[in-house]
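Just so it is clear: chains get the letters A, B, ... in the order the sequence lines come, proteins before strands, and each one is counted from 1.
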Number of protein chains: 2
Amino acid sequence: MNTPAVNTWQSVQAEVRRRIQTRLWKPGEMIPNEADLAAELGCARGTVNRALRALSDEGLIERRRKAGSRVALHPVRRATLDIPMIRKEIEGQNKTYGYALINRATTSPPPAIGARMQGEGANFLHLRSLHMANGAPYVFEDRWINAQTVPAVLDQDFEALSPNEWLLTHAPYTHGDIAFGAAGATAEMAELLGCETGAPCFTIERATWISDHSVTLVAQTFAPGYRMFTQL
Amino acid sequence: MNTPAVNTWQSVQAEVRRRIQTRLWKPGEMIPNEADLAAELGCARGTVNRALRALSDEGLIERRRKAGSRVALHPVRRATLDIPMIRKEIEGQNKTYGYALINRATTSPPPAIGARMQGEGANFLHLRSLHMANGAPYVFEDRWINAQTVPAVLDQDFEALSPNEWLLTHAPYTHGDIAFGAAGATAEMAELLGCETGAPCFTIERATWISDHSVTLVAQTFAPGYRMFTQL
DNA sequence: AAGTGGTCTAGACCACGTC
DNA sequence: ACGTGGTCTAGACCACTTT
């Protein structure tokens with residue numbers, strides 16, 4: 001059967017996706033190698049490569065040198081979450097952003113924090129702040145910043161500018177990790193967030209690094225009802 | 001100054017990243033066009049393209065035809081979350097997976113659910129189940145399945161095989177959306193999950209579709225302490 | 001109108017992992 | 001050892017957008 005020529009990588013991707021969805025190529029099965037597919041579809045191998053690479057990133061197929069490509073047995077779906085600056089997130093909802101510093105101190109961190117940030121002494125800045133949307137509490141954040149990595153941070157008072165924003169432009173991290181979870185609001189958070197003590201809150205914890213120097217460790221507790229949303 | 005030849009796209013990416021991190025190219029600034037960069041680094045334009053495309057996907061730079069590429073002013077970080085089959089997630093932690101069906105019924109869904117799933121009549125399967133890790137409750141799930149889209153689902157009793165798993169191999173969705181949040185455990189969930197009523201739980205809600213037909217709508221409530229983790 | 005990124009091609013070499 | 005995907009090249013044309 002002659003397949004009409006398909007020359008864009010998107011159309012190759014679509015064709016392969018179709019063959020998988022219609023179960024013409026079943027889960028676990030091998031699919032033709034790049035050269036054969038290119039010949040069949042009437043395009044260059046590079047184009048097929050681009051299409052299959054995209055499907056592989058997506059988790060729909062698995063590729064290994066020499067072994068070839070196969071349809072994933074258990075397609076691990078991947079969701080890409082945007083982690084925007086909080087101000088941008090709020091402004092994106094057409095709400096007015098507000099920020100308030102609750103507390104600023106240079107102290108040495110509790111052992112658990114210090115260990116994770118590989119820091120010594122009192123070269124740490126501890127910031128607690130509240131972000132608001134249209135005046136309503138949005139998220140409470142408790143942050144440690146390593147002043148050994150980012151000395152300039154000590155010159156900032158963070159009264160008007162959130163540390164989130166300052167760090168993003170003055171000390172962009174190279175990598176980090178992030179964890180999502182749920183926690184009950186402490187009495188203090190409850191008051192700040194305007195909810196009951198113990199109310200279930202969505203939480204994000206993030207640690208970021210510049211090469212192998214810890215930059216910041218932040219725990220964010222969102223007001224009840226917050227949801228993080230994305231497409232699959 | 002002559003830059004030594006850099007011919008892999010990863011090294012081009014690394015070099016560009018370095019120039020951004022060292023603020024040689026500052027946020028908001030334009031960077032050279034592909035042809036110039038290729039000439040400077042001594043490689044083909046295609047290689048530069050590949051590198052810059054990766055940085056653009058990552059959110060570190062913004063690219064527009066004719067306008068050129070610029071360093072992102074507010075780098076929107078993206079995190080990719082794997083959404084594995086729950087069994088795989090648990091087995092990946094070297095724990096024994098367990099599954100129990102709590103309730104199975106074919107009824108018409110409440111209006112809120114029906115509306116989201118565009119369904120009519122009683123062609124819906126309602127399943128409530130519990131997944132366990134090493135015998136301990138892991139996540140409670142409340143799921144609606146549209147039998148108009150997936151008629152074969154009515155032949156399954158789901159006593160031993162979780163709907164999650166069955167759907168993944170028998171009705172792979174084309175797209176969907178997912179929301180993460182937090183909620184307090186209801187009395188029933190608390191008993192099943194072995195926690196206090198009202199305990200803060202991490203929740204995932206997912207709706208999936210095959211082209212424009214709704215497949216399933218599922219609300220998962222994880223046992224307290226659950227965290228979803230990824231790299232940045 | 002013109003400049004820039006987006007993509008396709010055809011060929012080539014290489015790295016890796018399976019056999 | 002050898003087959004497969006991973007990548008680089010040089011050149012070309014096109015699509016989009018801004019000027």
Q | From dT7(D), dC8(C), dA2(C), nucleotide with atom closest to Asn7(A) side chain | A | dC8(C)
**Q.** Whole-Å distance separating the CZ atom of Arg65(A) from the C1' atom of dC13(C)
**A.** 12 Å
Q: Measure from CZ on Arg70(B) to P on dG5(C) and round the result to the nearest Å.
A: 12 Å
Q) Across the strands shown, which category fits Arg64(B) at heavy-atom distances under 4.0 angstrom: base, sugar-phosphate, nothing? A) sugar-phosphate
Q: Side-chain contact test, heavy atoms from C-beta onward, threshold under 4.5 Å: evaluate it for Tyr173(B) versus Ser211(B) and give yes or no.
A: no
Q. Ala182(B) and Ala182(A): which non-hydrogen atoms are nearest, and at how many Å?
A. CB-CB, 3.7 Å
Q) Are Glu34(A) and Arg45(A) within salt-bridge range, i.e. N to O under 4.0 Å? A) yes
(Q) Suppose we call a contact any N or O donor and acceptor under 3.5 Å apart; does that hold for the side chain of Arg50(A) and the base of dG6(C)? (A) no
(Q) Is there a side-chain contact between Ser69(B) and the phosphate of dT4(C), meaning an N or O under 4.0 Å from OP1 or OP2? (A) no
Q) Applying the side chain to side chain donor-acceptor pair (under 3.5 Å) test to Ser69(B), which of Arg63(B), Arg64(B), Glu62(B) qualifies? A) Arg63(B)
Q) At under 4.0 Å between heavy atoms, what does Gln10(B) touch on the DNA or RNA strands: base, sugar-phosphate, or nothing? A) sugar-phosphate
Q) When you check the phosphate oxygens OP1 and OP2 of dT7(C), does a side-chain N or O of Thr47(A) lie under 4.0 Å from one of them? A) no
**Q.** Nearest-Å distance for atom pair CD/P, residues Glu62(B) and dG5(C)
**A.** 14 Å
Q) In whole Å, what is the span from the CG atom of Asn49(B) to the P atom of dC14(D)? A) 18 Å
Q: Indicate yes or no: at least one non-hydrogen side-chain atom of Leu232(A) is less than 4.5 angstrom from one of Asp177(B).
A: no
(Q) At 4.0 Å (heavy atoms only), tell me whether Gly46(A) reaches a base, stays on the sugar-phosphate, or touches nothing. (A) nothing
**Q.** Rounded distance (Å) that lies between atom P of dG5(D) and atom CZ of Arg63(A)
**A.** 6 Å
Q. Contacts to DNA chain D from residues 24-37 of chain A, heavy-atom cutoff under 4.0 Å, which residues?
A. Asn33(A), Glu34(A)
(Q) Of the listed nucleotides (dA10(C), dC8(D), dT7(C)), which one gets closest to any side-chain atom of Ala44(A)? (A) dA10(C)
Q. Any N or O donor-acceptor pair linking the side chain of Arg53(A) to the base of dT7(D) at under 3.5 Å?
A. no
Q. Of the candidate nucleotides dC2(D), dC8(C), dT7(D), which contains the atom at the shortest distance from the side chain of Thr8(A)?
A. dC8(C)
Q: Test for a donor-acceptor pair under 3.5 Å between the base of dT7(C) and the side chain of Arg45(B), counting only N and O atoms.
A: yes
(Q) Restricting to non-hydrogen atoms, name the atom on Leu81(B) and the atom on Phe229(B) that form the minimum distance, rounded to 0.1 Å. (A) CD2-O, 4.5 Å
Q) With respect to His131(A), which candidate in Tyr226(A), Phe222(A), Tyr138(A), Tyr97(A) satisfies the ring pair (Phe, Tyr, Trp, His ring centres under 6.0 Å) definition? A) Tyr97(A)
Q: Give the rounded distance in Å between these two atoms: CG of Leu41(B) and P of dT7(D).
A: 18 Å
